[in-house]
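Scroll down for the structure; my scribbles are underneath it.
These numbers come from the heavy atoms of this one structure, side chains and all, not from hydrogens, waters or symmetry mates. Order of the sequence lines fixes the chain letters, A, B, ..., with proteins taken first and strands second; residue numbering starts at 1 for each chain. It should be emphasised that the depicted structure is a prediction, and the values quoted were computed from it without experimental measurement.
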Number of protein chains: 2
Amino acid sequence: MAVTIKDVAKLAKVAPSTVSRVIANNPRISQRTKERVREAMEQLGYYPNYNARSLVNQSTKTLGIIIPSSARIAFQNPFFPEVIRGITTKAYVEKYGLYLSTGQTEEELLAEVKEMVQSRRVDGILLLYAKQDDKVMPYLIEENFPFVLVGRPYDDQLKELVSFVNNDNVKAAKMVTEYILLLGHRKIGFIGGNLEYTVTIDHKEGYRRALANAGIPFREEYVVYYDEVEEGGQEAVIELMSLEEPPTALIVADDLMALGVLRMLDEMDVSVPEEMSIISFNNAMISELSSPPLTTVDIHIFDLGFQATECLIEKMKDPERPPAQIIIPHKLIKRQTCRRLLKS
Amino acid sequence: MAVTIKDVAKLAKVAPSTVSRVIANNPRISQRTKERVREAMEQLGYYPNYNARSLVNQSTKTLGIIIPSSARIAFQNPFFPEVIRGITTKAYVEKYGLYLSTGQTEEELLAEVKEMVQSRRVDGILLLYAKQDDKVMPYLIEENFPFVLVGRPYDDQLKELVSFVNNDNVKAAKMVTEYILLLGHRKIGFIGGNLEYTVTIDHKEGYRRALANAGIPFREEYVVYYDEVEEGGQEAVIELMSLEEPPTALIVADDLMALGVLRMLDEMDVSVPEEMSIISFNNAMISELSSPPLTTVDIHIFDLGFQATECLIEKMKDPERPPAQIIIPHKLIKRQTCRRLLKS
DNA sequence: CTGAAAGCGCTTACAG
DNA sequence: CTGAAAGCGCTTACAG
């Protein structure tokens with residue numbers, strides 16, 4: 001029913017192989033027949049059958065995007081849409097299609113990834129998370145399947161083996177802490193995300209280092225982790241504000257959580273930034289729209305996705321190329337949630 | 001290099017056709033050989049080649065998701081991630097894969113959709129937007145390609161022709177307006193989204209009807225449209241608050257915009273809900289996290305995606321089935337941004 | 001510069 | 001119950 005290469009060949013009075021060659025714009029075909037064939041294609045509204053093509057080329061020209069199984073929560077976080085936007089943008093110019101994972105649990109995801117690679121549904125994979133005990137990445141490494149990670153491997157030993165695009169989250173968190181320190185704060189709370197994710201570990205490390213450099217003791221009770229974005233920020237606030245010496249500043253895992261923190265503080269009638277300074281990460285659009293607008297660090301999420309895609313495409317072109325580690329710079333965005341601590 | 005059906009056949013000492021039949025679990029194959037073949041598949045780690053399969057079956061078992069070309073802005077809106085989550089969930093249980101559009105302009109998108117359907121990359125399409133002068137939907141209709149729309153067609157004449165899953169946005173907006181009216185407000189501002197989208201038109205119509213029923217004149221200066229989510233809410237507020245008789249209540253297109261509205265009002269020192277009531281749509285997570293938490297209407301975005309997918313799959317199974325129009329219910333979520341107008 | 005043939009990895013009538 | 005053959009719609013050596 002659909003028009004095939006044979007139909008075009010018949011109309012243009014050439015062999016199917018010739019049609020195939022003009023599609024590929026093979027230079028050995030004369031200009032005259034190229035034109036005739038193109039006209040026929042136009043006239044019939046011909047599009048090459050993608051599956052037939054992929055079958056013989058052993059390549060699908062599509063990239064798989066693996067979203068963490070906790071997508072229920074994850075997708076609420078503006079981070080993912082924004083990386084995907086970066087991916088989409090690069091994929092479009094490179095004429096790659098995008099295939100989305102659908103698994104909802106870690107097991108489902110792993111099974112899905114296996115299917116994707118073994119059934120040759122995609123040519124390469126973009127892994128959008130890095131966490132402890134993850135089975136997907138080891139599988140990809142074992143299969144020697146082209147992929148790039150957004151984030152960094154949980155296991156340091158894998159660092160040399162995989163290509164990844166990441167921020168220097170340790171440095172970013174250290175800088176953020178130093179900034180707060182410079183504003184005179186000494187009691188600084190840390191509200192991290194799920195400790196299974198590498199970002200959280202790195203943030204904490206940066207926080208720790210900054211404190212150490214400043215000669216300020218690290219207090220366990222000031223650091224708190226929540227993986228539930230939804231209520232997380234709010235519960236964390238309750239916990240921290242109930243301390244005998246509550247913090248005067250808070251470093252928060254991401255903007256969405258910071259929103260919850262702001263709301264809880266508002267409910268408790270502690271005003272930001274007068275009585276509490278807040279700084280978070282990501283610079284999502286909501287950070288600009290919140291009241292007061294959030295001081296945050298822009299981690300250039302779009303670029304993370306864009307460059308990961310670029311890197312993956314490079315890798316697919318040249319499988320021999322050694323793993324690349326790309327660090328995307330970050331930038332402090334000062335808005336209105338941080339203030340110098342008044343002497344009391 | 002990859003293991004094929006022939007390898008399995010050889011190992012199991014049967015013909016390739018037999019292997020194919022056990023994959024399909026054909027009842028005519030004896031239990032004994034089924035077991036032998038399955039063992040061989042297991043042993044070799046066999047996965048059927050997806051492209052070969054699709055080629056002969058003329059079906060890819062994948063669905064295309066078309067995200068509006070304005071994805072740059074759109075994707076910042078929690079609406080899209082959430083519909084996609086609904087789609088993903090249903091697609092997973094039905095064992096469908098998901099293919100994502102990447103076009104950034106309307107022309108790119110149209111070209112991409114054409115390629116998707118003509119090249120047989122997908123079996124059906126989920127259209128995530130409905131707007132004026134859109135060329136994608138007419139194309140799909142003309143090609144008689146299975147698709148379902150999330151939203152409703154801009155052109156009323158198409159209503160009978162296409163399957164869609166939507167909220168009753170007129171009713172929702174009418175209800176919202178009536179609620180505000182019941183709280184004693186008479187000067188009610190309306191901050192809509194882009195007028196090219198059907199949601200905006202429907203919201204406005206509901207607003208209009210509620211006012212008419214209450215015998216309150218419709219005032220042009222109270223209605224204002226912004227398509228830029230980012231600054232939109234804020235500019236709208238400036239515009240409305242500069243009126244000689246500024247509104248005492250605001251109906252806002254969606255939660256994200258409402259966040260901007262809240263922020264601007266905060267800057268102007270008008271307190272919510274004491275001096276201004278605000279109600280919006282969507283019930284995204286941010287509506288709960290904002291301060292004060294937003295009164296909004298839950299439109300069950302997840303269900304929109306889930307049911308659209310279900311509907312599409314039905315349609316693909318039975319192409320003769322008449323178009324289905326599914327309306328997802330909405331629900332007022334009272335939080336803290338609306339208050340009875342005090343007599344002044 | 002162009003064509004005939006083989007092959008990519010499956011599935012499915014058709015035989016037996 | 002199972003196999004041999006044809007075919008899905010392409011591409012690409014191999015000839016000429």
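Distance CD (B:Gln58) to P (D:dC10): 10 Å, rounded to an integer number of Å. Remark: C1' of D:dG7 and CG of A:Asn49 are 13 Å apart, rounded to the nearest angstrom. Atom CG in B:Asn57 sits roughly 13 Å away from atom C1' in D:dG7 (whole-Å rounding). Rounding to whole angstrom units, CG of residue A:Leu55 and P of D:dT12 are separated by 12 Å. D:dG7 atom C1' lies 16 Å from atom CD1 of A:Ile5, rounded to whole Å. One interatomic measurement links the two molecules: NZ of A:Lys10 to C1' of C:dG3, which rounds to 16 Å at whole-angstrom precision.
When distances are taken from the side chain of A:Arg53 to each of C:dG9, D:dT11, D:dG3, the shortest belongs to D:dT11.
Applying the 4.0 Å criterion to OP1 and OP2 of D:dC8, one finds that B:Asn51 has every side-chain N and O outside that range. Between A:Ser20 and D:dT11, a side-chain N or O to OP1/OP2 separation shorter than 4.0 Å is present. Of the side-chain N and O atoms in A:Tyr47, none sit less than 4.0 angstrom from OP1 or OP2 of D:dC10. Here B:Asn26 does not reach the OP1 or OP2 of D:dT2: none of its side-chain N or O atoms lies under 4.0 Å away. One finds no side-chain N or O of B:Thr18 lying less than 4.0 angstrom from the OP1 or OP2 phosphate oxygen of D:dT2.
Counting atom types as modelled, B:Ser17 pairs no side-chain N or O with a base atom of D:dA5 as donor and acceptor under 3.5 Å. Residue B:Arg21 places a side-chain atom within donor-acceptor reach of the base of D:dG3, judged by atom type and a 3.5 Å distance cut-off alone.
Applying the salt bridge (charged side-chain N to carboxylate O under 4.0 Å, His left out) criterion to B:Glu314, with sequence neighbours excluded, gives B:Arg321. Every residue was checked against the side chain to side chain donor-acceptor pair (under 3.5 Å) condition with B:Ser17, not counting sequence neighbours, and none meets it. In terms of the salt bridge (charged side-chain N to carboxylate O under 4.0 Å, His left out) criterion, A:Glu143 has no residue partners (sequence neighbours excluded).
With hydrogens and angles left out, the side-chain atoms of B:Ser163 and B:Gln325 include no donor and acceptor closer than 3.5 Å. Looking only at atom types and distance, the side chain of B:Tyr154 has no donor-acceptor partner in the side chain of B:Asp133 under 3.5 Å away.
Within the cation-pi definition used here (under 6.0 Å to the ring centroid, within 45° of the axis), B:Lys90 does not qualify as a partner of B:Phe302.
Between B:Lys131 and B:Glu106, at least one side-chain N (NZ, or NE/NH1/NH2) sits under 4.0 Å from a carboxylate O, which counts as a salt bridge.
Here side-chain hydrogen bond (donor to acceptor under 3.5 Å, both in side chains) pairs that include residues 35-55 of chain B, with residues two or more places apart or in two chains, are B:Asn25-B:Arg38.
The residue A:Tyr50 sits apart from the nucleic acid: no heavy atom pair falls under 4.0 Å.
Summarising the geometry of B:Leu126 relative to B:Ala308, their closest heavy-atom pair is CD1-O, 3.8 Å, with the distance given to 0.1 Å. The shortest non-hydrogen separation linking B:Ile65 to B:Ile87 is CD1-CG2, 4.0 Å.
Taken residue by residue, residues 28-42 of chain A places heavy atoms nearer than 4.0 Å to DNA chain C at A:Arg28, A:Ile29, A:Ser30, A:Thr33.
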- Query: Under a cut-off of 3.5 Å for both distances of each Watson-Crick or G-U pair, what dot-bracket string does DNA chain D give, using [ ] for crossing pairs and | for inter-strand pairs?
  - Reply: |||.||||||||.|||
